[in-house]
Amino acid sequence: MPEGPQVVFLRELAAPFVNQPVLKAEGNAAGIPFHEVTGQVLTGIETFGKELLFCFPGFTLRVHLMLFGKYALNGRLDRELVLGLTFPGGNLNFYACGCRLLRQPLAALYDWRRDVMHPSFDPGAAVAKLLARPNQPICEALLDQAVLAGVGNGIKNESLFLGRVHPQSLVGATPRPVLERLVRTCVQFSSDYLRWKKEGTGDQWHVYRQRQCPRDHIPLRIEKLGKSRRSCYYCEKCQQLYLH
DNA sequence: GGTTATGTTATTTC
DNA sequence: AGAAATAACATAAC
């Protein structure tokens, strides 16, 4: 379920619990001192990329929904509870997720300039990080959370389509203005994605999980590319391949 | 029953 | 030692 925009959407759903005390913390997450969490007041909720951060005085609970994560707001699902937080105003339950307790201040752990959903996102820094890895295929580089935190496989495919860049293009062979446009497109698409979530418009994928190019009306290519072999959906006619 | 999938991390191997 | 490949994890849908 993740990708940055959905995590931000979830933060907004959970925002009413801020300033409320945890009446009960439970679950089977390893290494979480549930007893210590109980009674603490939730001081804020942040996101970083695909991570959801519940802030308490002195510590933070970090939840990552990974590939199969599920959550229930004011309800429970019939599966093993990993983390459940009950507040006076309701409850929030997480399943099949990664969960960790952080004791360091968030500022020491996260640089929000690389989070595509954050107001302080720094496109120049992202382009510089891309340029530092000239031999990497762009489809792999865009998914790197150290470059563009929050970008997942959907946003990657859509941004490459909108930017008219072939996923196997090598970063170093792609003109700098094209890289800059790609980074801006990642941010813009992520922001649109959040809006669709809020408006309940449903998914608005151009190529991701689609069969046909909306520009050329020819079948899309669907291949697992890059070292991580993630699915790429692209049009070989309108997406330019840049190689050395 | 096999494959796939919006993802990351731990372990093993070279 | 350190990079790179592999396994692990968790779940539903086709």
Side-chain angles (χ1 to χ4, degrees), chain A residues 1-13 27-32 47-53 60-72 75-84 93-102 109-111 114-117 132-162 167 182 185-198 200-211 220-234:
Chain A
M1 105 126 249
E3 289 215 65
Q6 285 152 291
V7 178
V8 172
F9 182 69
L10 176 50
R11 174 187 62 189
E12 295 181 8
L13 291 182
N28 68 356
I32 301 298
T47 66
F48 180 83
K50 301 163 187 166
E51 300 175 27
L52 191 56
L53 303 161
T60 299
L61 282 180
R62 188 193 82 167
V63 174
H64 197 306
L65 290 160
M66 312 297 278
L67 201 51
F68 308 120
K70 295 268 184 294
Y71 69 88
R76 294 192 79 137
L77 300 181
D78 182 21
R79 64 187 65 223
E80 204 161 4
L81 183 66
V82 176
L83 174 68
N93 296 302
F94 293 98
Y95 310 86
C97 63
C99 185
R100 270 162 61 174
L101 186 134
L102 312 173
L109 297 171
Y110 297 110
D111 180 357
R114 65 177 214 261
D115 180 351
V116 294
M117 293 306 294
R133 46 187 79 193
N135 295 316
Q136 197 173 30
I138 190 70
C139 62
E140 204 175 296
L142 293 186
L143 280 179
D144 191 331
Q145 301 301 291
V147 179
L148 295 164
V151 170
N153 208 29
I155 297 171
K156 174 204 79 177
N157 278 298
E158 295 298 297
S159 299
L160 287 172
F161 171 75
L162 293 169
L182 263 184
T185 304
C186 283
V187 173
Q188 180 62 51
F189 184 82
S190 299
S191 143
D192 290 343
Y193 191 174
L194 174 60
R195 200 177 65 243
W196 299 325
K197 289 292 291 182
K198 286 186 188 175
T201 329
D203 292 335
Q204 308 277 324
W205 305 120
H206 298 103
V207 290
Y208 180 57
R209 290 173 169 164
Q210 308 305 305
R211 308 299 299 271
L220 290 170
R221 295 199 69 113
I222 305 170
E223 293 164 354
K224 294 179 188 302
L225 302 177
K227 214 172 300 179
S228 54
R229 315 286 299 155
R230 301 300 301 278
S231 295
C232 288
Y233 294 73
Y234 66 97

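Per chain, numbering begins at 1; letters A, B, ... match sequence-line order.
Side-chain contact of A/Gln204 with A/Asp192: a donor-acceptor pair under 3.5 Å is absent, judged by distance alone.
Within the 4.0 Å cut-off from OP1 or OP2 of C/dA10, not a single side-chain nitrogen or oxygen of A/Lys70 is found. Regarding contacts with the backbone of B/dT4, every side-chain N or O of A/Ser231 stays at 4.0 angstrom or more from both OP1 and OP2.
Among the heavy atoms of the strands, none lies under 4.0 Å from A/Tyr95. Using a 4.0 Å heavy-atom criterion, one finds that A/Lys224 contacts the sugar-phosphate atoms exclusively.
When all heavy atoms are compared, the tightest approach of A/Leu53 to A/Thr47 is CD1-C, 4.3 Å.
Atom name P, nucleotides B/dT4 and C/dA7: the rounded distance is 16 Å, in whole Å. Of the P atoms belonging to C/dA10 and B/dT11, the separation is 15 Å, rounded to the nearest Å.
Applying the 6.0 Å contact sphere to CZ of A/Arg100 captures no more than 12 heavy atoms from other residues, nucleotides or ligands.
When rounded to the nearest whole Å, the span between CG of A/Leu225 and P of B/dT4 equals 14 Å. Look at CD on A/Glu158: it is 12 Å from P on B/dT6, rounded to the nearest Å. As rounded to whole Å, 15 Å separates atom P of C/dA10 from atom CG of A/Leu81. Distance CG (A/Asp78) to P (C/dA10): 17 Å, rounded to an integer number of Å. Rounded to an integer number of Å, the gap from A/Arg229 CZ to C/dT6 P is 11 Å. The CD-C1' distance, from A/Gln136 to C/dA4, rounds to 13 Å in whole Å. The OH atom of A/Tyr71 sits 19 Å away from the P atom of B/dT6 (whole-angstrom rounding). C/dC9 atom C1' lies 13 Å from atom CG of A/Asn28, rounded to whole Å.
Between A/Trp205 and A/Tyr193, the two ring planes are perpendicular [angle over 60°; tilted spans 30° to 60°]. Using a 30° and 60° split on the angle between ring planes, A/Tyr71 and A/Phe94 fall in the tilted class, from 30° to 60°.
Looking only at distances, no side-chain donor or acceptor of A/Arg114 sits under 3.5 Å from a matching main-chain atom of A/Ala149. For the pair A/Glu12 (side chain) and A/Val7 (backbone), a donor-acceptor distance under 3.5 Å is absent.
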**Item:** Watson-Crick and G-U pairing of DNA chain B written in dot-bracket, each distance under 3.5 angstrom, with | for inter-strand partners
**Value:** .||||.||||||||
**Message:** So if I define the base as every atom that isn't primed, P, OP1 or OP2, how would nucleotides 7-14 of chain B read as a B/S/- string at a heavy-atom cutoff under 4.0 Å?
**Reply:** BBS-----
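Taking the charged nitrogens against the carboxylate oxygens, A/Arg133 and A/Asp144 do have a contact shorter than 4.0 Å, which makes a salt bridge.
Taking the six-membered ring wherever Trp is involved, the centroid distance between the rings of A/Trp196 and A/Phe189 falls below 6.0 Å.
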